[in-house]
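First the structure, in the form of C-alpha cells, and then the observations on it.
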Amino acid sequence: MAHVFVAGALVGYGVARARRRARAGGDDAGDVDDAPRATKTDDDAPKKRPIVVYMDGCFDTMHYGHANALRQARACGDKLLVGVVNDAEIRRCKGPPVCDERERVEAVEACKWVDGVITDVPYEVTDAFTDELFAKHEVDYVIHGDDPCLLPDGSDAYAYPKRIGRYKEIKRTEGVSTTDIVGRLLRMGARAAGEEVKEEEAKEATFCTTSARIAQFGTNAGVPTDAKVVYVHGAFDVFNRGHIDLLRQAKTRGDFVLVGVHADAEVRARRGAEHPVLNEKERALSVLACRYADEVVIGAPAMITNDLLTTFNVKVVIAEDDEPYAVGGVDVNALAAERGLYERVPRRHDCSVLGVAKRIMENRAEFEARNARKTKSESAYYAEKKHVAES
Ligand code: CTP
C-alpha cells in the first residue's frame, strides 16, 4: 500500500525532527530542517506530505499534563490532529465529565500544538475507527501516553496501530491528572461546606516544574522591542474557556500578549485559604500552552506598577468588565488607567474555580467513586512506572 510505504519511509525523518525540536525547546524549532520526505528527485517522486499524528482523549479539566502530551505528540510529526471523546462516551466508560464536550473541544483547540480537532470520537478505539483515521484523515501515527489504555474487556486499546507499526508512545506527565485536580476541588468543596479534611487527603501538588519544561512551553523569544505589548493578569486557576476567551481578546489588541500569573500568596489573600487549586508554576504552564499567550510573568503582583509597565514596554492593559479588583482600596489597574493604557473587555463566559468545584460537589458521590477507582489505578501506575524518554 502506497500510503503505508510513504509513512514507513518517513519514520527516521520524523524522529530526527522531533529530537531537533526538543533540543531547540520550541514547537516550531524543528522547522529549520525542511528536508523533503523522499529522496527521489524525478517527476514521479512522491509529493511531500506532512506526517500527520493523532492523539485522542477526554481532556477533562484540560491541564498542563494534557498540554505536554499534545506537545510531545506534535513533535512526533508535522501536523497534530486530536480526537475528543464525547460526553456520553465518557459518562459510559469513566463516569461524569467535569467539563462538557464544547468546553473540552475549546480547550484542546486553544492549545498551541494542536492543528485540528476531530469531535465525537469513540472512547473505545476500534480497528474500523483506526482505519478511518488512516484513510480519511491521512493519519500516519497514533500517539498515546505510556499509561496503559485498556478496553472494558481488558485488551489494549491501541493493539491494532501497534501491530502494524503505526503507534508511538510519549511520556505521561507525572504529578498531574484530572483525578488529581478533581480531588483538589473535592477537598476545596468539602472545606467550603465546613467539613474537616483529613491531612493525608490534602496532598500537595507533586509535579516538579523544571526550567526545561518552562522553556518547552514558552516561545523562547522574550518581548520583541517593537511589539505592541498587551498585559493581562489574574490567577488563571484551573484554566478554562473564560481564561481562553480573555487571552483571545488580548491577542486582538496587540502583537504580544504578556500574562501576569498572580503569586500563590496573592491569590490566597484575595480568594481565601483554599485557593489557588493549582500553584503558580502549574497555572503558568497552562497559560503558556494557550496559543493566545506569548509570555508569562510567574508570580506576578496584583498591583500594576510603573516598573512592570516600563520593564515590559506595556501598551495596553486589559481586564474583564466585572467587579474592579482592589488591594488596600486601590484598583489594581489604577496606574494603567491613569496612563490611558487601560481597557475593559466583556466577560463572555461565566466560569470560575468555584463554579467548577460546585459542579463536582453537585455530583459528589459519583466523582468520589470515580476518583477512588482512578486513584487506585494511578497508584498502581506509579508503583510500576519505568523511565520513558520524552520526545
Ligand atoms: N496524559 C498525559 N499526562 C497526564 C494526563 C494525560 O500525558 N498527566 C495523556 C494521556 O496519556 C492521553 C492524553 O493525555 O494520551 C489524553 O488523556 P485523557 O484521555 O484525558 O485521560 P487520562 O489519561 O485519564 O488523563 P487524566 O488522568 O488527566 O484524566
[X] versus [Y], closest heavy-atom pair with distance:
| X | Y | result |
| --- | --- | --- |
| A73 | L80 | CB-CD1, 3.9 Å |
| E280 | V261 | O-CG1, 3.9 Å |
| A319 | N333 | CB-ND2, 3.8 Å |
| R271 | A235 | NH1-CB, 3.7 Å |
| G260 | A300 | CA-CB, 3.7 Å |
| D87 | P97 | OD1-CG, 4.0 Å |

[X]-[Y] co-clustered via ILVMFWY side chain contacts under 4.5 Å:
| X | Y | value |
| --- | --- | --- |
| L335 | V327 | no |
| V317 | V297 | yes |
| V287 | I181 | yes |
| V223 | I304 | yes |
| V84 | L70 | yes |

With distance as the sole test, does [X] use its side chain to make a donor-acceptor pair with the main-chain N or O of [Y] at under 3.5 Å?
| X | Y | result |
| --- | --- | --- |
| K168 | V53 | no |
| D321 | R344 | no |
| D140 | V52 | yes |
| D237 | V277 | yes |
| R241 | D350 | no |
| T178 | D60 | yes |

With the side chain counted from C-beta on, respond yes when [X] and [Y] share a heavy-atom pair under 4.5 Å apart, and no when they do not.
| X | Y | result |
| --- | --- | --- |
| P161 | Y141 | no |
| M55 | Q72 | no |
| I360 | V98 | yes |
| R74 | I143 | no |
| E320 | R348 | no |
| V353 | M188 | yes |
| V257 | V232 | yes |
| L341 | L309 | yes |

Between [atom1] of [X] and [atom2] of [Y], what distance do you get to the nearest 0.5 Å?
| X | Y | atom1 | atom2 | result |
| --- | --- | --- | --- | --- |
| I90 | E101 | CD1 | CD | 8.0 Å |
| H233 | H262 | NE2 | NE2 | 5.0 Å |
| Y160 | S155 | OH | OG | 15.0 Å |
| T61 | L185 | OG1 | CG | 7.5 Å |
| E132 | D127 | CD | CG | 13.0 Å |
| Y54 | R166 | OH | CZ | 14.0 Å |

So, are [X] and [Y] salt-bridged, with charged N and O less than 4.0 Å apart?
| X | Y | result |
| --- | --- | --- |
| R283 | D264 | yes |
| K171 | D146 | no |
| R191 | E274 | yes |
| R347 | D245 | no |
| E106 | R102 | no |
| D156 | K162 | yes |
| E343 | R253 | yes |
| R184 | E282 | yes |

Without placing hydrogens or testing angles, list every side-chain donor-acceptor pair under 3.5 Å for residues 118-126, not counting sequence neighbours.
{"residue": "D120", "atom": "OD1", "partner": "N86", "partner atom": "ND2", "Å": "2.5"}
{"residue": "E124", "atom": "OE2", "partner": "R92", "partner atom": "NH2", "Å": "3.4"}
{"residue": "T126", "atom": "OG1", "partner": "F129", "partner atom": "N", "Å": "3.0"}

Both conditions, 6.0 Å and 45 degrees, for the charged tip of R270 above the ring of Y325: are they met here?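 R270 over Y325 ring: yes.
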
Verify side-chain contact (heavy atoms from CB on, under 4.5 Å) between F236 and L278, making sure each step is shown before the conclusion. CA-CA 9 Å; F236 294 95; L278 285 94; over 6 Å; no

Go through D131 and K136 one step at a time and tell me if the salt bridge (charged side-chain N to carboxylate O under 4.0 Å, His left out) criterion holds. CA-CA 8 Å; D131 278 333; K136 186 170 156 197; over 6 Å; no

By side chain to side chain contact (heavy atoms under 4.5 Å, CB included), which residues pair with N240, not counting sequence neighbours?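 Per chain and number, N240 pairs via side chain to side chain contact (heavy atoms under 4.5 Å, CB included) with H243, C351.
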
With side-chain contact (heavy atoms from CB on, under 4.5 Å) as the test, would you mind laying out the steps for S177 and D180 before giving the verdict? CA-CA 5 Å; S177 65; D180 172 46; 3.4 Å; yes

In sequence, state the C-alpha distance, the side-chain angles, and the governing distance for D147 and R172, and then conclude on salt bridge (charged side-chain N to carboxylate O under 4.0 Å, His left out). CA-CA 7 Å; D147 48 315; R172 189 178 164 87; 3.1 Å; yes

Any pair with a residue in residues 324-335 that passes salt bridge (Lys or Arg N to Asp or Glu O under 4.0 Å), sequence neighbours left out, goes on the list, sorted by first then second residue, please.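 Salt bridge (Lys or Arg N to Asp or Glu O under 4.0 Å) check on residues 324-335 returns no pairs.
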
Test: side chain to side chain donor-acceptor pair (under 3.5 Å). Region: residues 284-299. Which pairs qualify, not counting sequence neighbours?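 Qualifying pairs: R248-Y292, K251-D294.
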
Using a distance-only test with no angle check, is there a side-chain donor-acceptor pair under 3.5 angstrom linking T305 and D307?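 There is no such pair (donor and acceptor under 3.5 Å, judged by atom type) between the side chains of T305 and D307.
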
For E368, what residues pass the side-chain hydrogen bond (donor to acceptor under 3.5 Å, both in side chains) criterion, not counting sequence neighbours?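 With sequence neighbours excluded, E368 shows a side-chain hydrogen bond (donor to acceptor under 3.5 Å, both in side chains) to R364, given in chain and number order.
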
Intermediate values then yes/no, side-chain contact (heavy atoms from CB on, under 4.5 Å), M303 and V330: CA-CA 9 Å; M303 190 66 71; V330 180; 4.1 Å; yes

State which residues pass ring pair (Phe, Tyr, Trp, His ring centres under 6.0 Å) with H66; sequence neighbours excluded, sorted by chain then number.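 Ring pair (Phe, Tyr, Trp, His ring centres under 6.0 Å) list for H66, sorted by chain: F59, H63.
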
side-chain contact (heavy atoms from CB on, under 4.5 Å), that's the test. Do L246 and I318 meet it? Break it down for me. CA-CA 9 Å; L246 177 61; I318 69 159; 4.0 Å; yes

